[in-house]
Structures are given as structure tokens and as C-alpha cells.
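Only this structure's heavy atoms are used, side chains among them; waters, hydrogens and symmetry mates stay out.
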Amino acid sequence: FGSSCRLSLVPRQHSAGGRNMSSSFPASQAIVIGGGLAGMTTANTILEHGGRVVVLDKSAFCGGNSSKATSGINGSETKTQKEKGIDDSNELFLSDTLSGGAKKKEVAKVLVYESGPAVDWLMDKFNLDLSLVARLGGHSAPRTHRGKERFPGMTITYALIQMIEKVQEASGGVLARIVTKAKANKLLTNQGAVVGVEYVKDGKTFQEHGPVILCSGGFGADFTQDSLLAKHRPDLMHLPTSNGEHCTGDGIKMAVGMGGDTVDLQWVQVHPTGLVHPDEPDAKIKFLAAEALRGVGGMLLDKNGKRFANELGRRDYVTGRMWKSEGPFRLVLNSKSSNEITWHCKHYMGRGLMKFYKTGADLAKELGVDPSALKQTFEEYNDVAKKMEEAPAEGAGEYEAYPSGKTHDKWGKKFFHNLPMDINDSFHVAIVTPVIHYTMGGVAITDDATVKKGEGVIPGLYAAGEVAGGIHGENRLGGSSLLDCVVYGRVAGRSATRYLLQQNIKAVQKGGLVAKL
């Protein structure tokens, strides 16, 4: 569809009572299941390419986990990087992604090479501020973008939701609709192709007809005994989660129900820094401490006030080190780090999840250690950082560095920020613990986001975001979840709109139907 050339057909959507009013094309719309960032990116892309869209979300409001993402969105060769003189490339980002855990180069390459255009699209089309750039764990260059205010996931996702809401209002629901409290439970098919979805709202069954894009998220909050989590990672069932209770793998289950392939369901990311509320230490759902807190210089300390890991290591590595060390563990930001990410610190303090200490001596008292022990930790850290500042780009020292090169730090840290750590400085501090965060596995997709089935695909069925597996492999780099949503949301939106047009043309030609073009 072009914006000046829309296919106009009689709508046959939202039929009640489960009556199958249509099981084939022509159709007037594409259907997005899930109202997070992947879903809203897909919906906006469909509209950009002249299509019509309906978004179904089982929650009372859209946003999903995307709106809680706190660190930012990755992008290489972006306008922001170029303005700041940051030396980065798609090739370097792809290398980091593969080193970070990705195994399927063809889908990882799409993620990386479309990252710059995706970040620029958000800034240009939605006027978003993504002017700050940080280096997170596993990245060879600063490439995780965020704005000056609020959490980036919230800012980005809400901007895209608002765009769909504006189109819905301006068109009277003809071009776009959002239906909340709508739980999709069945894909409608015709001769092996997906032609719609059945959902339940207010106790009644409805149908929507058209190609379907699954953007329903992962399964990191399903602790029922027959869940995907229980089946593939029962060893993690005891952990808390950063996921909302809506993350129960619905889209994966629907795709599997009609023969769709899955990949990497055993790979579940445990994030090392779930925030522990002092009044609710055993809460099953926890708020996440953004990895950007470590990106700006945050230090991780054990119960004795000692470092135990490379703060910028892979998430699975940092989590593993925590399980081998003694907690409670604390994330410590000095005044320089706190000032660089001040909105986050204020937000966490407002939730009772972070404390402010006027001096390191006050922090040492909270830890129950002598201030001299904490001072020693800081001085050792500063000494290593100074040596690394003077080292060549590839690093120097006797230890292997992550993601590459050498370092003087026994924990493998190569990049240091916002120094020095001074016992007389002030600090923002949070108690942190590992939490189930992200499911790398999901439905298997092609590089154009079509769901795979055996040696072929399921026509009319697409997936984007956490519901799709194989993009990140065994471990996802920080900042790549929002990126995955935007990149593959755009890919899925283009693919679904193209498929909708092709199928409608075939239906018109075959049936001799009259269409207004």
C-alpha cells in the first residue's frame, strides 16, 4: 500500500460470538498481538506503508515490559554517535553480539545493521531525545542510547503508543485500533496459512481477520507447573523476576499449536541487578537496576565491601560470580556516576530501592565493615583504572579483558568511568540480587520475521520482540532488547504489509472482486 493508494475492502473484523465470518483473504488489516514496543513499532510501520492495523493486548493498558526498560537502546553508526565522535561500526557491533552469545549470524546481522537506522527513525519520526550514549557490558564502544529524562523504554514505547492513538482518533478507528483486555487464544487458519485470530474480551469471543504479527513477549513470569519455564528451566523457578505477570508465553504457545518451530527455549537470562526493597526482600516481582548504572561507573560489592566481578561483564558471568560470592550485594555509585544518571537515582530512591550516603564511612557502617577496608577497595580500583587509562587501545596487563584485550584488573575490567572512587565522596547505593529477566528463546523466524515451520514457513504469521528466539543466542547484551523490538518490529511490519497486499491482489484476481484502489 502507498499512502496515496490504499486498498479499500469491506471490513470484516471484530465479529462476536466466535462466528467465523472470514477464513481467507481479501482482508482489510494486519493484526498485532501485544502492545509493547515490538507491537507498537510493527503497528506504526504498517501504517507507514499504507496498511491498516489492529493491536490486541491482554492487559488493561499497553506498554508491557518495554515501558520498564531502563538502560537504553543500542545502535551503531547512529547520528548521535557521529555527533559525539564515537568510533563504532556495524562490524564491531556484530562481533560483540556474536561474542556475547548470538549463534545465528543471519538474524543477528539484521539486528545490528538495522540498528543505526532504527535509532535514527525513533529520533526523526517521534522527536525522541536519545542524545546520551553509554557503554554497557560486552560492548567495545559506547552505543547504548537514552535521553536525559525518564527511563528510555518508557519514553520510546509511550511515544509510539501515542502515535497509534492519534491515528485511531483521527481516522475514527478505520486505519488503526487498539483493543485492550483482549486475550488472544487461537490463530485462525486457511489451507495452512494464518488468516486471523480469535480472542476473548469481557467474557465474549471475537475474531479479527488478516495476517498476524506475534509481539506478545516472553515467558519469564509464568511460574505455573506446566509453563515453558518449568519445562525448559525448572532450576530457575525459585528466582524472582523482573517481568510483568502478563509474560506467560502466549504467542509461543499459539505458534507451536499450529506447528511453528521454536529455538533456544532453554536460554533464559538471569539479570544480576534486580533491586531488593528492604521492606519486601522476598517479593517475587522485582524492579530492575538499569545496567546503565554500571555503565556510568557503578561498582558491585559483596558483604565484605570487596569487588567480586567485572561490573561490565556479560550478564550471565556477573550472575555466576554472585552465586559464587557472599551477599548481600550492593551496587555503589559515587557522586560523578550519580550525577550522570541522576533521574534513575531519584526514581529508585523514590521507590525506596536506593539509599544516599553522605560519606564512604557511612556506607561502611551500613555494610558492617571497617572504613579502611572500603577505602582499600576504592584505592585498588583507582590504581587499576589509572594504569588502564595510560594503556594502549587494545589494553595492557597480565589478565584477559572482556570483551577483548588485556587488563591490569584481576576481574577482567577494561573500561573505567567517573573516577576516582573516594571514601570521602557521597554515594547512591542499592541492594541487588539475580532475577529472571529475559527469555532468549521463542518462535523461530526468518530474517524477514516470518515464523518457521520445518523446512518452510507459516504464511501470514510473523513475530517480533522477545516472543521470537534465536536472535541473541545464549545471552543477550544490555540495550539489545529495545533494539530487537524496533528492528524486527519494522521488519515484521514491512513483511506483513507486503504479504497483505499480495494476498489481496491474488484474491481479487481469483474471485473477480471489485476493489477501490
Side-chain angles (χ1 to χ4, degrees), residues 33-34 36 38 57-59 64-66 68-69 101 103-104 183-187 197 199-200 214-276 280-288 314-320 322-324 432-445 451-453 461 463-476 481 484-485:
I33 300 177
D57 195 294
K58 72 177 183 181
S59 299
N65 279 347
S66 305
K68 300 191 294 181
K103 307 297 183 186
K104 297 182 181 297
K183 189 179 188 309
N185 54 22
K186 180 182 178 182
L187 295 171
V197 66
Y199 68 95
V200 175
L214 300 172
C215 302
S216 48
F219 53 92
D222 192 353
F223 294 100
T224 58
Q225 292 307 305
D226 61 346
S227 68
L228 291 170
L229 191 63
K231 180 178 179 181
H232 296 280
R233 290 303 302 269
D235 57 309
L236 302 180
M237 290 282 281
H238 69 287
L239 290 176
T241 181
S242 64
N243 291 265
E245 59 185 13
H246 55 275
C247 295
T248 52
D250 301 356
I252 299 172
K253 295 170 186 176
M254 284 190 290
V256 169
M258 59 173 301
D261 293 342
T262 59
V263 60
D264 295 341
L265 291 178
Q266 75 277 18
W267 294 120
V268 177
Q269 183 172 81
V270 178
H271 196 293
T273 58
L275 289 163
V276 178
E280 301 176 279
D282 299 322
K284 193 67 172 175
I285 296 179
K286 286 183 164 44
F287 208 79
L288 198 71
R314 280 174 37 159
R315 290 175 175 179
D316 52 353
Y317 154 80
V318 178
T319 297
M322 292 174 82
W323 283 336
K324 294 177 181 177
V432 293
T433 190
V435 291
I436 293 171
H437 180 53
Y438 191 89
T439 51
M440 276 78 71
V443 297
I445 61 171
V451 175
K452 291 183 175 182
K453 181 179 181 180
L461 185 61
E466 194 173 354
V467 71
I471 289 88
H472 307 287
E474 64 185 23
N475 179 70
R476 178 181 62 74
S481 61
D484 185 359
C485 290

Nearest heavy-atom approach of Leu214 to Ala255 is CD1-CB, 4.0 Å

Minimum side-chain heavy-atom gap Val467-Ile252 below 4.5 Å
yes

From Tyr199 atom OH to Lys58 atom NZ, the distance as rounded to the nearest 0.5 Å:
16.0 Å

Heavy-atom pair with the smallest gap, counting every atom of Trp323 and Pro434
NE1-CG, 3.8 Å

Would you say that more than 12 heavy atoms from the other residues, nucleotides or ligands in this model lie under 6.0 Å from the CD of Gln266, or not?
yes

Among residues at least two apart in sequence or on other chains, which ones pass salt bridge (charged side-chain N to carboxylate O under 4.0 Å, His left out) with Asp226?
none

Short side-chain to backbone donor-acceptor contact, Lys68 and Ser242, under 3.5 Å:
yes

Is there any salt bridge (Lys or Arg N to Asp or Glu O under 4.0 Å) pair reaching into residues 465-475, and which pairs are they, with sequence neighbours excluded?
Lys103-Glu474, Arg314-Glu474

Output, in order, the C-alpha distance, side-chain angles, deciding distance and verdict of side chain to side chain contact (heavy atoms under 4.5 Å, CB included) for Lys286 and Leu275.
CA-CA 6 Å; Lys286 286 183 164 44; Leu275 289 163; 5.9 Å; no

Rounded to the nearest 0.5 Å, the CE atom of Met440 sits from the CG atom of Asp484 at a distance of 12.0 Å

In Å and rounded to the nearest 0.5 Å, what is the NE2 to SG distance from His437 to Cys247?
10.5 Å

Which atom names give the shortest non-hydrogen contact between Asp222 and Lys253, and what distance separates them?
OD2-NZ, 3.4 Å

Sequence-distant partners of Glu280, side-chain contact (heavy atoms from CB on, under 4.5 Å), two or more places apart
His277, Ala283

Distance check, rounded to the nearest 0.5 Å: Leu229 atom CG versus Leu239 atom CG?
9.0 Å

Phe223 backbone acceptor or donor facing Ser227 side chain under 3.5 Å:
no

Using the salt bridge (charged side-chain N to carboxylate O under 4.0 Å, His left out) criterion, which residues pair with Lys183? Sequence neighbours excluded.
Asp250

Closest non-hydrogen atoms of Gly470 and Asp264, given as atom of the first, atom of the second and distance, are CA-OD2, 3.6 Å

Work out which heavy atom in Ile436 is nearest to a heavy atom in Gly220; give both atom names and the distance.
CG2-O, 3.7 Å

Gly64 versus His246, closest heavy-atom pair with distance
CA-NE2, 3.7 Å

Test your reading of the model: is there a side-chain donor-acceptor pair from Asn65 to the backbone of Gly244, 3.5 Å cut-off?
yes

Give, for atom OG1 of Thr262 and atom CG of Leu228, the distance between the pair rounded to the nearest 0.5 Å.
8.5 Å

Name all residues meeting the side-chain contact (heavy atoms from CB on, under 4.5 Å) criterion together with Ala464; count only those two or more places apart in sequence or in a different chain, and write none if there are none.
Ala38, Thr42, Cys215, Tyr488, Ala492

Could you label the plane-to-plane angle of the Tyr438 and His472 rings as parallel, tilted or perpendicular, counting under 30° as parallel and over 60° as perpendicular?
perpendicular

Worked check of side chain to side chain contact (heavy atoms under 4.5 Å, CB included) between Val318 and Thr273
CA-CA 9 Å; Val318 178; Thr273 58; 5.9 Å; no

When you look at Val268 and Phe219, which way does the side chain to side chain contact (heavy atoms under 4.5 Å, CB included) test go after all the steps?
CA-CA 9 Å; Val268 177; Phe219 53 92; 4.3 Å; yes

Residues Gln269 and Asn475: side-chain donor-acceptor under 3.5 angstrom
yes

Could you check whether any side-chain N or O of Asp57 sits under 3.5 Å from a backbone N or O of Ile33, counting only pairs where one atom can act as donor and the other as acceptor?
no

Restricting to side-chain contact (heavy atoms from CB on, under 4.5 Å), what partner residues turn up for Lys104, sequence neighbours left out?
Glu106, Val107, Val263

Does any non-hydrogen side-chain atom of Ile471 lie less than 4.5 Å from one of Ile445?
yes

As an exercise, state the distance from NZ of Lys284 to OG1 of Thr241, rounded to the nearest 0.5 Å.
8.5 Å

